[in-house]
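Given the structure is predicted, the values throughout are model-derived calculations rather than measurements. The chain is numbered in sequence order, starting from 1.
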Amino acid sequence: MVLECVAQNLISRRQWLASAAGGAGLLVLGGCAAPAVQPAHKNLVVGGLFAGSRSDKGFMEAGWRGLEKARTELGVQTRFIDGIAPKKELLVPALTQLAEQGAQLVIAHGGQNNQAVAEVAPRFPGTRFVVTQGLVQGSNLSSYDVLQEESAYLAGVLAALTTQTGVVGHMSGIRVPPGLKGRAAYAAGVRDTNPRVKLLTNFSGDQDDNALSYRVAQAQIAAGADVIFTMLNAGRDGATRACREKKVRQIGNVIDWTQVDPQVFVASAWADVGIGVFQAVKDMTVNAAPQSGIVKIGLQDPAAVRLTTAADVPAAVRSRVEQASRAIASGQLKVPEAYNGPEFSV
């Protein structure tokens with residue numbers, strides 16, 4: 001049964017650290033048996049690495065759901081490791097262990113894995129490696145990049161059109177390429193829509209610390225922000241609490257947060273990063289290998305990338321957002337990937 005398989009294959013950060021500290025080696029999750037409906041792929045083993053919690057209601061969970069979708073729909077066997085910190089000295093042995101235990105495809109979810117995978121992949125030429133939201137490539141290494149920066153640009157457009165104070169915020173945790181590109185795109189969307197709007201942007205150093213995100217959100221609100229774009233994982237709840245207390249609107253990311261809490265979330269920069277995980281596995285089942293190079297998936301695929309809006313967003317604002325979306329999808333508008341403006345410190 002699926003529930004039994006999932007229950008048996010959980011690993012906590014505490015278990016991981018205890019194993020590492022005790023010198024017993026890495027803990028690797030047991031594989032889930034493939035459904036019988038897809039016998040052609042039942043021998044394909046896919047390993048997933050999630051440097052964070054697979055139940056963070058954000059980036060890591062989306063990636064894990066992509067892996068689960070591949071298991072149930074494509075009939076592959078899966079195993080995964082989660083609950084570890086995004087540090088190279090932990091990522092390298094985790095990737096090594098997945099490859100040594102027989103995964104023909106190893107997927108490292110998130111750009112924080114770029115360096116670790118680039119180091120490990122050459123050691124296992126017979127194994128295929130993929131980094132989702134990555135920027136690396138090689139003979140047996142490729143990246144699948146769901147362009148969350150495109151929906152982040154649309155979030156900037158909406159923020160600039162809906163702010164009443166003329167000040168908007170941006171909050172994230174660790175400085176990884178996808179987060180930096182998302183911040184740059186959001187800033188550009190704000191600036192291109194209304195250059196008079198002031199942006200407060202902060203990387204706190206932690207995606208999952210709710211007490212920290214609460215303090216950062218409080219500080220941005222005190223500085224005038226009435227719309228805050230949050231690119232966080234498990235730490236989003238702290239920012240949400242601060243927004244609710246001060247009646248400030250928030251723009252989420254990854255999933256549709258307007259369906260979760262429409263009173264707080266005015267929009268969400270939807271970017272289903274799990275699609276990158278699923279597509280890499282599907283390509284492996286069809287072509288015996290993922291696509292080569294860096295595979296980009298953007299607004300041309302609305303199932304992967306789009307901006308969702310709350311019911312109270314005016315039609316005129318939705319129209320402006322849609323106009324920008326069409327310009328990006330057609331290639332008429334190029335979304336910047338670098339930000340050189342000031343940063344907001346707490």
For a quick test of reading the model, state the closest non-hydrogen atom pair linking I294 to G134 and the distance between them. CG2-O, 4.1 Å
Worked check of side chain to side chain donor-acceptor pair (under 3.5 Å) between D283 and Q291: CA-CA 7 Å; D283 289 340; Q291 297 181 52; 3.0 Å; yes
For side-chain contact (heavy atoms from CB on, under 4.5 Å), just list the numbers for D272 and V254, CA-CA rounded to whole Å, side-chain angles, deciding distance to a tenth of an Å, and then say yes or no. CA-CA 6 Å; D272 187 353; V254 181; over 6 Å; no
Y214 and G238 have their tightest heavy-atom pair at CD1-O, 3.4 Å
Report the C-alpha distance between S172 and H170 in whole Å, list the side-chain angles of each, state the deciding distance to 0.1 Å, and finish with yes or no for side-chain contact (heavy atoms from CB on, under 4.5 Å). CA-CA 7 Å; S172 193; H170 158 269; 3.9 Å; yes
Working to the nearest 0.5 Å, report the span between CG of N113 and OG1 of T132. 7.5 Å
Hey, could you give me the NZ/NZ distance between K282 and K69, rounded to the nearest 0.5 Å? 8.0 Å
Under 3.5 Å, is there a donor-acceptor pair between the side chain of D82 and the main chain of R54? yes
With no hydrogens and no angle check, is any side-chain donor or acceptor of D256 less than 3.5 Å from a backbone partner on T258? yes
Is there a path of hydrophobic side-chain contacts, each under 4.5 Å between heavy atoms of I, L, V, M, F, W or Y residues, that connects M231 with M60? yes
So, the side chain of N194 versus the backbone of A160: is there a donor-acceptor pair under 3.5 Å, distance only? no
If every non-hydrogen atom of F265 is compared with every non-hydrogen atom of G252, which pair is closest and at what distance? CD2-N, 3.5 Å
Can you tell me how far apart CD (Q279) and CE (M284) are? Round to the nearest 0.5 Å. 14.0 Å
Are W270 and W64 connected into the same hydrophobic cluster when the rule is that any two of I, L, V, M, F, W, Y join if their side-chain heavy atoms are below 4.5 Å apart? no
Take R241 and N210 through the side chain to side chain donor-acceptor pair (under 3.5 Å) test and state the conclusion after the steps. CA-CA 9 Å; R241 180 161 65 94; N210 279 299; over 6 Å; no
Can you tell if the side chain of T309 reaches within under 4.5 Å of the side chain of V321, non-hydrogen atoms only? no
Intermediate values then yes/no, side chain to side chain donor-acceptor pair (under 3.5 Å), D192 and Y153: CA-CA 10 Å; D192 293 350; Y153 182 95; 2.7 Å; yes
Does some side-chain heavy atom of R320 sit less than 4.5 Å from a side-chain heavy atom of T193? yes
Does V157 share a hydrophobic cluster with V317, counting links as ILVMFWY side-chain heavy atoms below 4.5 Å and allowing steps through other members? yes
One pair to check against side chain to side chain donor-acceptor pair (under 3.5 Å): Q250 and T230. What are the steps and the verdict? CA-CA 7 Å; Q250 185 178 165; T230 54; 2.5 Å; yes
Any side-chain to backbone donor/acceptor pair from Q207 onto I174? Under 3.5 Å, distance only. yes
Using the ring of each side chain (for Trp, its six-membered ring), is H109 parallel, tilted or perpendicular to F59, with breaks at 30° and 60°? parallel
If I take atom CG from residue L44 and atom CD from residue Q77, how far apart are they, to the nearest 0.5 angstrom? 8.5 Å
Do V273 and L147 share a hydrophobic cluster (ILVMFWY, side-chain heavy atoms under 4.5 Å, transitive)? no
Calculate, to the nearest 0.5 Å, the distance between atoms CD and CG belonging to E119 and L141 respectively. 12.5 Å
Going through the distances and angles, do L105 and F129 end up as a side-chain contact (heavy atoms from CB on, under 4.5 Å)? CA-CA 6 Å; L105 171 63; F129 290 82; over 6 Å; no
For P302, is there any backbone N or O sitting under 3.5 Å from a side-chain donor or acceptor partner on R306? yes
Where is the tightest heavy-atom contact between D206 and S204, given as atom of each residue plus distance? O-OG, 3.2 Å
Could you walk me through whether V281 and V76 satisfy the side-chain contact (heavy atoms from CB on, under 4.5 Å) test, starting with their C-alpha distance in whole Å, then the side-chain angles of each, then the deciding distance to 0.1 Å, before giving a yes or no? CA-CA 9 Å; V281 180; V76 302; 4.0 Å; yes
Mind checking the CD-CZ spacing from E68 to F278? Nearest 0.5 Å is all I need. 12.5 Å
Could R249 and D312 be called an ion pair, given the rule that one side-chain N must be under 4.0 Å from one carboxylate O? yes
By the definition side-chain contact (heavy atoms from CB on, under 4.5 Å), identify the one residue from I81, I107, L67, I84 that meets it with F50. L67
Min side-chain heavy-atom separation L91-L49 under 4.5 Å: yes
Donor-acceptor under 3.5 Å (N114 side chain, L135 main chain): yes
Is the shortest heavy-atom distance from the side chain of K247 to the side chain of R244 under 4.5 Å? no
Same cluster for F203 and V216 if Ile/Leu/Val/Met/Phe/Trp/Tyr side chains link at under 4.5 Å? no
Looking only at heavy atoms, the pair that brings D226 and V248 closest together is O-CG1, 3.3 Å
